[in-house]
Each structure stands twice: as structure tokens, then as C-alpha cells.
Asker: 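Have a look at this one.
Atom set for the values below is all heavy atoms of this structure, side chains included, hydrogens, waters and symmetry mates excluded. Chain letters run A, B, ... following the sequence lines, proteins first and then strands; every chain starts at 1. Just so you know, these numbers come straight off a predicted model, no measurement behind them.
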Amino acid sequence: MLRIVASGCVNPSTKVVSFNLNVFGIDCRFGNDVTTMPLNIKPADQSRFTYKNLRDLNDNNKAYKSPLAVICHVDVNAFFAQYEQNRLNLSHDDPVVCLQWNSIIAVSYAARKYGINRMDTLESAKRKCPHLVVAHTAVFKRGDPTWKYVNYRPSPVNHKVSLDPYRRESRKMMRIFQSFCDLVEKASVDESFMDFGRLVFKRLMLLFPELVKGMERTSDRLPQVPLEGFSDLDWQGIVILCDEDEEEKEGPVISDWDDVVDLIGSNLAYELRQMLIKELNYTTSAGVGRVKTLAKLASGYNKPDLQTIVRSRAIPDFLKRFSIKDFWSLGGKIGDLVLSRLSSGTVEEDEDQIGYIRDHYSLKDLISRFDHDRELAQRVYDIVRGQLYAALSSRIDIKSMASNKNFRGPSVNCSKDLLPWLDVFVGDLVLRLQDLDEETDTVRRPTKFALGMTCGRVTKLKQCTMTPIKDYAEFTKRLKQLSVKLLGELESTRKGNADFSSVYPCIQASLTISGFISLEGFANIDELMKKQSTEGRSEGSKPVFHPRKRRNLGIATLLTQGKVKSAEGAADDYICSECRKRILKSNMDEHKDYHVALKLDQDLNSQNQKHQEYHGQSQLPF
DNA sequence: TACTCACAG
DNA sequence: GGCTGTGAGTA
């Protein structure tokens with residue numbers, strides 16, 4: 001048994017936790033009564049890495065493939081519950097649950113101490129903790145396209161849940177991530193991956209300037225890890241150890257540069273998490289490792305408010321503790337299939353399922369066992385070795401967006417019953433699209449639109465194409481029109497002789513927008529209007545989708561911190577008279593359109609203000 | 001285009 | 001366990 005001091009952002013003070021795992025915890029330097037252990041540096045005779053491996057870290061497109069890659073996964077603890085806790089000005093110690101109708105969808109860690117989990121009903125949770133704070137999600141009222149937090153217990157008959165507040169908050173977090181790191185993949189509303197490559201590279205160059213000298217000798221090995229020069233660097237978080245007594249006594253071994261980049265990565269992750277606490281008051285868990293799969297497993301390994309570091313050398317030991325089903329995309333039937341084809345059937349080997357798979361199957365074996373699904377075979381092969389070097393993808397490629405509701409009882413029996421919900425769906429979609437536009441600096445519009453309805457076991461779907469409309473109010477109008485049109489078509493779809501009763505009573509309905517294009521292809525609003533007036537049903541002559549040019553946020557990184565670069569390209573700049581922002585000449589037209597659109601958008605903006613009303617709310621709904 | 005299934009919270 | 005999204009496959 002190893003006694004360690006657990007790090008934490010919120011409650012870092014003096015809490016001593018015991019772990020019976022081979023991990024190494026480092027205090028976060030909040031307490032001044034803690035003595036930190038010196039780094040355990042034992043340089044290998046020769047580095048396994050080349051200058052190219054190191055240099056690739058500094059390249060957005062190559063870093064993830066480097067054996068020195070540093071990928072971080074950050075996960076907000078019980079996100080919805082923490083959001084509600086902050087919204088209601090409560091502390092991390094108040095037991096909070098987030099409610100959706102009668103079921104609990106998030107439990108704060110303070111509430112978990114009472115044994116409450118997501119399976120509980122509201123009643124059973126209250127029995128476990130009478131002073132539990134219960135916050136229902138925001139809701140749309142039937143017929144109202146704006147969501148609100150209400151001071152009563154909403155009923156599913158007249159309301160639809162809105163997850164918009166969480167998405168907005170998620171966007172704020174993304175901004176923080178992006179201000180810190182130049183390559184961020186949003187994995188879900190409360191999870192992101194980050195490629196720390198450039199940040200690590202810069203810190204390495206500052207700490208060990210001699211590395212710069214060899215940088216051109218790409219295929220040469222890196223020099224030995226030096227004994228000095230680490231400044232006052234220390235591990236942050238919980239470091240997974242190898243099966244060596246030595247590491248437990250002397251700390252995690254640093255013998256090659258992969259250990260050094262992890263050391264730096266642990267500090268970066270910690271700094272980032274502190275930012276999140278400071279700016280938005282969220283506790284998070286983070287994981288740092290070579291690849292996304294490791295980072296993700298690591299972030300879930302120590303919770304809440306803790307981070308876990310998986311050095312390359314610790315990968316086999318770390319993966320022992322997981323099942324193949326713990327990996328993303330293998331949690332369901334595919335994972336079951338993989339297991340059924342590969343399991344040993346013996347008890348001992350099941351304890352190290354991943355190790356067994358690694359040691360008993362060649363890639364060829366896997367391919368034949370997976371019916372020649374080479375892709376799956378390769379994925380499993382890499383996953384069990386912790387070497388699935390996958391690139392981070394940006395959220396630009398979202399394919400569709402849907403707003404959906406399941407109706408309780410026979411409450412939707414005719415068009416008139418459904419129409420108010422269509423308003424809700426449209427409001428939901430437009431708001432979210434607007435959010436996405438702001439987030440990604442694009443004007444994105446769908447070319448496809450679909451209405452789905454379920455009656456009994458039968459789901460019917462009607463789809464149509466649409467021409468992009470830039471202005472949000474106009475776009476909203478159009479969606480409403482089209483949804484009504486589609487409703488008419490769905491109602492009159494008949495199988496044989498059946499009449500429109502085939503869609504009623506409706507137990508589920510949804511609107512989906514998809515086929516997104518960027519309107520940046522249009523030079524100005526006039527051209528767009530012209531395009532609209534010639535709207536046809538055909539799919540031809542679409543404006544080209546230009547993926548957003550990523551903002552160059554690397555400027556906020558270590559080497560340039562505090563410095564503002566303004567000299568470059570000043571000749572091509574122009575200052576907008578409306579907003580005083582510096583705009584590239586080539587973007588002037590687009591920017592003017594932006595202001596036109598802004599004015600047209602006043603309606604929606606006033607709606608947004610309504611959404612702010614809940615802030616500062618002190619009284620609990622119930 | 002219409003529909004189904006799988007997956008992740 | 002209900003609800004809410006997403007993406008991929010198929011005919």
C-alpha cells in the first residue's frame with residue numbers, strides 16, 4: 001500500500017488519500033507543509049526517439065502520429081449538475097442533482113456521497129438526502145420557441161427539455177481550451193481532446209535549448225535526457241507506475257524523452273484545469289497519454305477533480321485494468337463480438353483480457369477472426385497496444401442536427417396538436433445553429449430538412465431540400481413553412497387505402513437539418529438573394545463548402561505570452577467603422593454582410609436576452 | 001429518399 | 001431506464 005497525496009483544484013489542502021494501486025500522486029503545491037520529491041531521472045544510454053519525432057510535435061498535422069505525442073482528455077465532472085450548482089450560486093459541497101421529468105440525469109459528487117446515482121428516482125434520492133438540491137433542466141413550453149428555467153415542476157406533456165444551456169456553457173469551455181491549445185476536438189458537450197504538441201515543444205525548447213541545435217538532423221537520435229535543467233518542474237496529478245518497487249519509493253522514472261513530455265503534459269493539463277476552475281468554476285478530470293484512447297481512459301480513472309498520467313512505459317500495466325469494451329465505439333454489440341471472437345475463456349487470462357489479446361493474436365489472426373474486417377482488426381490491434389494514433393478532428397464536420405420529442409399518452413392526435421411542437425423544434429434548431437455559427441465563425445445552413453413521426457411502432461420520415469437563407473429570422477420562417485408542408489405530406493402518405501390516421505396518435509416527432517454548407521461562397525447578400533429567388537428543387541450549383549480556417553490561437557502560447565503581434569500585414573487591414581475591429585481587406589465584403597445580418601437579427605437577439613434571465617436566480621424551483 | 005440500427009452519454 | 005442526440009448502412 002502506498003500513501004499518496006491526491007492533487008485537486010478545489011480541495012487540495014491537506015487531504016491524504018490511500019490508494020492500493022501502483023500510482024504516484026503529487027501534491028499540487030497548494031499546501032506548504034508538503035515536501036515534494038526530487039524527480040527520478042535515470043537517463044537511458046540512448047534515446048529511442050529522433051529529432052523528427054520531436055519536430056513533428058510542432059506541426060498540427062503530424063503531432064498526433066509522433067511517438068512523443070501528448071494528448072490530453074478533459075472531462076467535466078457531472079457536468080449538468082455542476083452547471084446547475086453554479087447557476088444557483090451553490091458550492092461544490094452542496095448536493096445537487098439535475099432532473100429531467102422524474103429521472104435524475106446528473107448527480108454532483110457531493111450528492112454521490114449520499115449514495116445517490118443516476119438510477120434513482122427523485123423520491124428515492126430525496127430519501128437518501130433530504131436536503132438535496134433538485135434542479136430541473138430548462139424547458140420549452142409547447143408553442144414557445146424559447147427555452148426557460150421555470151419555477152415549477154414541468155410536465156412532459158406540455159414541455160420539451162432544452163439542453164441549450166449546457167451547450168452554451170460547453171462553448172465557453174471550448175473557448176478556454178482554444179485559448180490554451182491550438183488543436184482541440186470537442187468529443188461531447190462535456191469532453192474534449194487536446195493535442196499538446198506545440199505547447200510541449202515550446203516548453204522543451206525553453207528548458208533544453210541544446211535540443212534546437214540538432215533539430216535539422218531529423219533522423220538522428222535525440223541526446224540523452226539530461227540530469228539537470230528541469231527547473232522546478234514536478235509531476236502533477238496521479239502517475240500510473242510500472243510494476244517496479246523503485247518507482248513507488250523514488251517516483252516515476254524519467255529515462256527518455258517520452259517521460260519528459262509527459263512530465264510537461266501533466267503540468268499543462270493541470271494549468272488548464274486551474275483555468276477552468278478560475279474562469280467557470282468547473283472541476284474536471286483529465287488524462288494525459290500518447291494517444292486519444294489512453295487519454296480518455298486515464299481521465300476517467302481518477303475522479304473527481306483529479307488527473308491521471310499514463311507514460312508510455314506504463315501502458316501495458318494500465319490497460320490491464322480495462323476491458324476491450326471500455327474503449328470508445330466498443331461499448332456495445334461490436335465490443336461483444338470482439339470479445340466472443342477473442343476471449344480465452346479462462347479466468348486468469350480474463351483478468352488481463354487486453355494483454356491476452358495483445359499476446360495471442362497477430363494482426364493476421366485478428367483479420368481472419370473478424371471475418372476480414374481489416375479496419376476493425378487494425379483498430380483492435382492498435383488499441384490493445386495503446387498505439388491507435390488517431391488524429392483529432394474538428395467539429396466542422398457535423399452531419400446533422402435534430403430536435404426531437406417523445407410524447408406521453410395520446411396527446412398528439414391531429415395537426416393542431418403537433419403544430420406548437422414544430423415551433424419548439426424550429427426554435428431549438430435555429431438557436432443551436434446560431435450558436436454553432438458563432439462558435440465556428442461560419443455561416444452554416446442546411447440544404448436538407450426532414451420531419452419524422454412515429455405512430456405505434458412505425459416511424460415515417462419526409463425529407464425535402466432547401467436553399468440556404470442567411471438571415472436567422474427569415475430562416476426560421478422558412479423552416480416553419482417547410483415543416484408544415486412536410487407535415488401535410490406525411491399525413492397524406494397513405495399505404496394502400498389508409499388515410500392520414502396512420503400518423504396519429506403520434507408518440508414521437510422530430511425535425512432534422514442536414515447537408516450543411518457554408519455561405520462564405522457568396523460574395524455578398526445580393527448574390528445570396530438572387531440565389532434564393534431562383535430556388536429550385538435540384539441539388540445543382542451549390543456554393544462550395546469552405547472549412548473554417550482555424551483561428552491562429554497558437555499566439556497565446558508560452559513563447560508569445562503577453563506579447564501582441566500587430567505589425568504583420570497591417571497594409572491589408574482595415575478598421576470597421578461599426579465595430580472598430582481590424583478586418584482583412586479580402587474579408588471586407590463578408591464583414592459588411594455580417595453587420596447587415598446583425599441588424600436583421602435583432603429579433604433573435606432579444607430572444608437571447610430572455611435566456612439570460614435565469615442568471616442570478618436565487619430561489620429554487622422546488 | 002426512407003428506414004433501421006448502433007452508440008454515447 | 002427514459003431521453004436526447006449523432007452517424008452509418010441499406011435498398
Side-chain angles (χ1 to χ4, degrees), chain A residues 73 75-81 98-107 117-125 136-140 147 154-157 159-167 170 186-192 296 299-300 303 325-338 373 375-376 393 395-409 421 424-425 428-429 432-433 435-436 446-455 457-466 486 489-490 493 495 502-503 507-516 537-539:
Chain A
H73 181 261
D75 188 327
V76 184
N77 305 311
F79 177 42
F80 292 5
C98 176
L99 196 69
Q100 171 180 89
W101 315 139
N102 213 13
S103 33
I104 291 169
I105 55 174
V107 186
N117 61 52
R118 283 182 55 174
M119 291 302 139
D120 282 299
T121 61
L122 180 57
E123 289 67 35
S124 66
H136 196 284
T137 63
V139 289
F140 293 97
W147 53 260
S155 139
V157 178
H159 300 83
K160 167 175 159 52
V161 164
S162 172
L163 305 179
D164 210 49
Y166 312 124
R167 288 193 205 100
S170 180
K186 182 171 181 169
S188 78
V189 72
D190 68 338
E191 289 170 54
S192 285
K296 164 100 171 142
S299 73
K303 295 196 288 191
K325 294 201 67 176
D326 292 331
F327 290 89
W328 190 82
S329 81
L330 296 180
K333 297 192 174 179
I334 298 182
D336 285 331
L337 178 109
V338 169
D373 184 341
E375 211 177 298
L376 178 61
S393 69
R395 210 163 102 77
I396 282 189
D397 13 42
I398 83 149
K399 301 266 161 64
S400 67
M401 188 187 280
S403 183
N404 176 82
K405 166 142 184 83
N406 296 341
F407 302 112
R408 305 279 179 104
W421 291 114
V424 169
F425 293 154
D428 188 18
L429 290 175
R432 284 165 51 194
L433 191 64
D435 262 17
L436 192 65
T447 58
K448 288 179 184 168
F449 185 53
L451 169 67
M453 290 174 76
T454 306
C455 173
R457 291 255 153 81
V458 186
T459 302
K460 286 178 182 166
L461 194 134
K462 203 78 194 173
Q463 205 171 7
C464 69
T465 58
M466 64 182 300
L486 290 175
E489 288 178 23
L490 262 191
T493 330
K495 280 185 176 169
S502 59
V503 287
I507 60 166
Q508 183 268 151
S510 67
L511 287 183
T512 306
I513 52 181
S514 60
F516 294 104
R537 285 294 139 79
S538 79
E539 301 239 343

Asker: Would one find a side-chain N or O of A:K462 under 4.0 angstrom from OP1 or OP2 of B:dA2?
Answerer: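 Answer is yes, contact under 4.0 Å.
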Asker: Taking 4.0 Å as the cut-off, does a side-chain nitrogen or oxygen of A:S403 come that near to OP1 or OP2 on C:dT4?
Answerer: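 Checking C:dT4 against A:S403, no side-chain N or O comes under 4.0 Å of OP1 or OP2.
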Asker: Can you list everything that forms a salt bridge (Lys or Arg N to Asp or Glu O under 4.0 Å) with A:K296? Sequence neighbours excluded, please.
Answerer: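 Result, salt bridge (Lys or Arg N to Asp or Glu O under 4.0 Å) vs A:K296: A:E191.
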Asker: Atom CD of A:Q508 and atom C1' of C:dG2: how far apart are they, to the nearest Å?
Answerer: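 One finds 13 Å between C1' of C:dG2 and CD of A:Q508, rounded.
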Asker: Starting at atom CG of A:D120, determine the distance to atom P of C:dG2, rounded to an integer number of angstrom.
Answerer: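 Rounded to the whole Å, the gap is 15 Å.
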Asker: A:M453 CE to B:dT4 P: how many Å, rounded?
Answerer: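 Roughly 15 Å, once rounded to whole Å.
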Asker: Rounded to the nearest Å, what distance is computed from the NZ atom of residue A:K186 to the P atom of nucleotide C:dG7?
Answerer: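 The distance from NZ of A:K186 to P of C:dG7 comes to 13 Å, rounded to the nearest Å.
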Asker: Using a cut-off of strictly less than 4.0 Å, decide whether A:K160 has a side-chain nitrogen or oxygen near OP1 or OP2 of C:dG5.
Answerer: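 For A:K160, the contact criterion (side-chain N or O under 4.0 Å from OP1 or OP2 of C:dG5) is met.
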Asker: Please enumerate all residues that pass ring pair (Phe, Tyr, Trp, His ring centres under 6.0 Å) together with A:F407, with sequence neighbours excluded.
Answerer: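 A:W421.
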Asker: Of the listed nucleotides (C:dT4, B:dT1, C:dG7), which one gets closest to any side-chain atom of A:Q463?
Answerer: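 The answer is B:dT1.
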Asker: Rounding to an integer number of Å, can you tell me how far A:H136 NE2 sits from C:dG2 P?
Answerer: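 Rounded to the whole Å, the gap is 16 Å.
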Asker: Roughly how many Å is it from CG in A:L436 to P in C:dG5, rounded to a whole number?
Answerer: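 Value for this atom pair: 14 Å.
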Asker: Can you measure from CG (A:L486) to NZ (A:K460) and round to the nearest 0.5 angstrom?
Answerer: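 Going from the CG atom of A:L486 to the NZ atom of A:K460 covers 14.5 Å.
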Asker: Tell me every residue that passes side-chain contact (heavy atoms from CB on, under 4.5 Å) with A:E375, counting only those two or more places apart in sequence or in another chain.
Answerer: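 Listed in chain order: A:D373.
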Asker: To the nearest 0.5 Å, tell me how far A:H159 NE2 sits from A:Q100 CD.
Answerer: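 If we round to the nearest 0.5 Å, A:H159:NE2 and A:Q100:CD are 13.5 Å apart.
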Asker: Has A:R432 got a side-chain N or O lying under 4.0 Å from the OP1 or OP2 atom of C:dT6?
Answerer: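 Result: yes.
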Asker: With sequence neighbours left out, write down each residue that passes side-chain hydrogen bond (donor to acceptor under 3.5 Å, both in side chains) with A:D75, or none if nothing qualifies.
Answerer: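 side-chain hydrogen bond (donor to acceptor under 3.5 Å, both in side chains) list for A:D75, sorted by chain: empty.
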Asker: So if I take every side-chain heavy atom of A:Q100 and compare against B:dT1, C:dG5, C:dG2, which nucleotide ends up nearest?
Answerer: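 From the listed options, C:dG2 comes nearest.
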Asker: B:dC5 P sits how many Å from A:L461 CG, rounded?
Answerer: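 One finds 15 Å between P of B:dC5 and CG of A:L461, rounded.
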Asker: Set out, line by line, the N/O atom pairs under 3.5 Å between protein and nucleotides 6-9 of chain B.
Answerer:
from: B:dC7; atom 1: OP1; to: A:K333; atom 2: N; distance (Å): 3.2
from: B:dC7; atom 1: OP1; to: A:I334; atom 2: N; distance (Å): 2.8
from: B:dC7; atom 1: OP2; to: A:K333; atom 2: N; distance (Å): 2.7
from: B:dA8; atom 1: OP1; to: A:S329; atom 2: N; distance (Å): 2.9
from: B:dA8; atom 1: OP1; to: A:G331; atom 2: N; distance (Å): 3.4
from: B:dG9; atom 1: OP1; to: A:E191; atom 2: OE2; distance (Å): 2.9

Asker: Would you mind telling me which of C:dT6, B:dT1, C:dT4 lies closest to the side-chain atoms of A:S400?
Answerer: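 Within the option list, the nearest is C:dT6.
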Asker: What closest approach, in Å, do A:T121 and A:I104 show between heavy atoms, and which atom pair accounts for it?
Answerer: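 So the minimum-distance heavy-atom pair works out to O-CD1, 3.9 Å.
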Asker: Think A:K460 has a side-chain N or O under 4.0 angstrom from the OP1 or OP2 of B:dA2?
Answerer: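 A:K460 to B:dA2 OP1/OP2: no side-chain N or O under 4.0 Å.
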Asker: A:A106: which residues meet the side-chain contact (heavy atoms from CB on, under 4.5 Å) condition with it, sequence neighbours left out?
Answerer: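 Only A:F80, A:A81, A:C98 meet the side-chain contact (heavy atoms from CB on, under 4.5 Å) criterion with A:A106.
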Asker: Would you indicate which nucleotide in C:dG1, C:dC3, B:dT1 comes nearest to any side-chain atom of A:W101?
Answerer: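 Of C:dG1, C:dC3, B:dT1, C:dC3 is nearest to the side chain of A:W101.
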Asker: Which nucleotide wins on minimum distance to the side chain of A:D428, given the candidates C:dC3, B:dT1, C:dG5?
Answerer: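 When the side chain of A:D428 is considered, C:dG5 is the closest of C:dC3, B:dT1, C:dG5.
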Asker: Checking all strands, does A:R457 fall into the base, sugar-phosphate, or nothing category for heavy-atom contacts under 4.0 angstrom?
Answerer: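 The residue A:R457 makes no contact with any strand.
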Asker: In whole Å, what is the span from the CD1 atom of A:I398 to the C1' atom of C:dA8?
Answerer: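 Taking CD1 of A:I398 and C1' of C:dA8, I get 16 Å after rounding.
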